[in-house]
Amino acid sequence: MEGKKDIKFGKELLKQIDVVVKKVLDKKFTNPKYPKDFDIEDYVILGLFDGIVSRFDSILYLAEADKLFGIEAIARGILEAHAYLIYILEKDIVKRSKAYFYSVKKKELDIYQGIIAEDVKGIELRQFLNISKEKFIEKFEDKVNEMHEKFIKYVGKKRKTGIKVRRGITISESCVNH
């Protein structure tokens with residue numbers, strides 16, 4: 001019986017969170033006294049918050065269905081997102097939000113690198129996607145270069161490992177130096 005009360009409380013909490021988020025969005029973005037564009041820091045903060053809420057909703061769903069397997073992994077995701085939020089909101093919100101955003105985007109660069117790789121995995125990925133290496137590079141080259149430059153600007157110093165963006169041209173991959 002106690003578990004049912006917890007689930008009911010959790011669902012009510014989610015409803016209240018939706019109300020609060022709507023008020024924040026209305027106040028910040030639709031209030032004519034405070035016109036503001038939706039910037040990366042807004043996207044990151046709301047995205048992290050939404051990730052926490054949706055994961056919490058998933059935990060409630062699993063608990064209600066008496067399916068407890070995997071809840072720990074979802075809870076870990078909540079804790080990680082919460083830690084990122086605390087870090088970002090602590091100071092330098094714009095800079096830290098952009099660093100987080102472009103760190104996440106770096107994973108896309110890693111995927112790109114895997115797809116254009118001249119190894120078995122890269123060849124199989126291109127075959128699965130039904131695209132040649134040349135067409136793939138042509139389609140995504142500008143975006144990859146842009147993301148790479150922003151990663152360097154907002155995340156950290158570059159360390160050479162080499163990302164090939166097109167035949168014959170290699171740029172350095174950026175990594176955070178800890």
What closest approach, in Å, do [X] and [Y] show between heavy atoms, and which atom pair accounts for it?
X     : Y     : result
Ser58 : Ile74 : CB-CD1, 4.2 Å
Ile40 : Ser97 : CG2-O, 4.2 Å
Ala63 : Ile71 : N-CD1, 4.4 Å

To the closest 0.5 Å, what do you measure between [atom1] ([X]) and [atom2] ([Y])?
X      : Y      : atom1 : atom2 : result
Glu80  : Ile52  : CD    : CD1   : 11.0 Å
Lys98  : Ile88  : NZ    : CD1   : 13.0 Å
Glu41  : Ile93  : CD    : CD1   : 8.0 Å
Ile111 : Lys106 : CD1   : NZ    : 10.5 Å

Original post:
Taking only residues at least two apart or on different chains, which pairs with a member in residues 56-97 satisfy ring pair (Phe, Tyr, Trp, His ring centres under 6.0 Å)?
Top reply: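 For residues 56-97: Tyr84-Tyr100.
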**OP:** Any pair with a residue in residues 114-142 that passes ring pair (Phe, Tyr, Trp, His ring centres under 6.0 Å), sequence neighbours left out, goes on the list, sorted by first then second residue, please.
**Re:**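 Only Tyr112-Phe136, Phe136-Phe140 qualify under ring pair (Phe, Tyr, Trp, His ring centres under 6.0 Å).
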Subject >> Any donor-acceptor N/O pair, Lys133 side chain to Ile116 backbone, under 3.5 Å >> reply: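 Yes, the answer is positive, given that a donor and an acceptor are paired below the 3.5 Å cut-off.
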**OP:** Verify, without hydrogens or angle tests, whether Arg126 (side chain) and Ile115 (backbone) share a donor-acceptor contact under 3.5 angstrom.
**Re:**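 Confirmed, Arg126 side chain pairs with Ile115 backbone.
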Do [X] and [Y] belong together in a cluster built from hydrophobic side chains that touch within less than 4.5 Å?
X      : Y      : value
Ile78  : Leu89  : yes
Leu62  : Leu68  : yes
Tyr43  : Phe49  : yes
Ile137 : Ile123 : no

Any side-chain heavy-atom pair from [X] and [Y] closer than 4.5 angstrom?
X      : Y      : result
Leu109 : Val144 : yes
Arg76  : Glu72  : no
Glu108 : Lys143 : no

Original post:
Within a reach of under 6.0 Å around CG of Asp119, are more than 12 heavy atoms found that belong to other residues, nucleotides or ligands?
Top reply: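 Check passes, neighbour count above 12.
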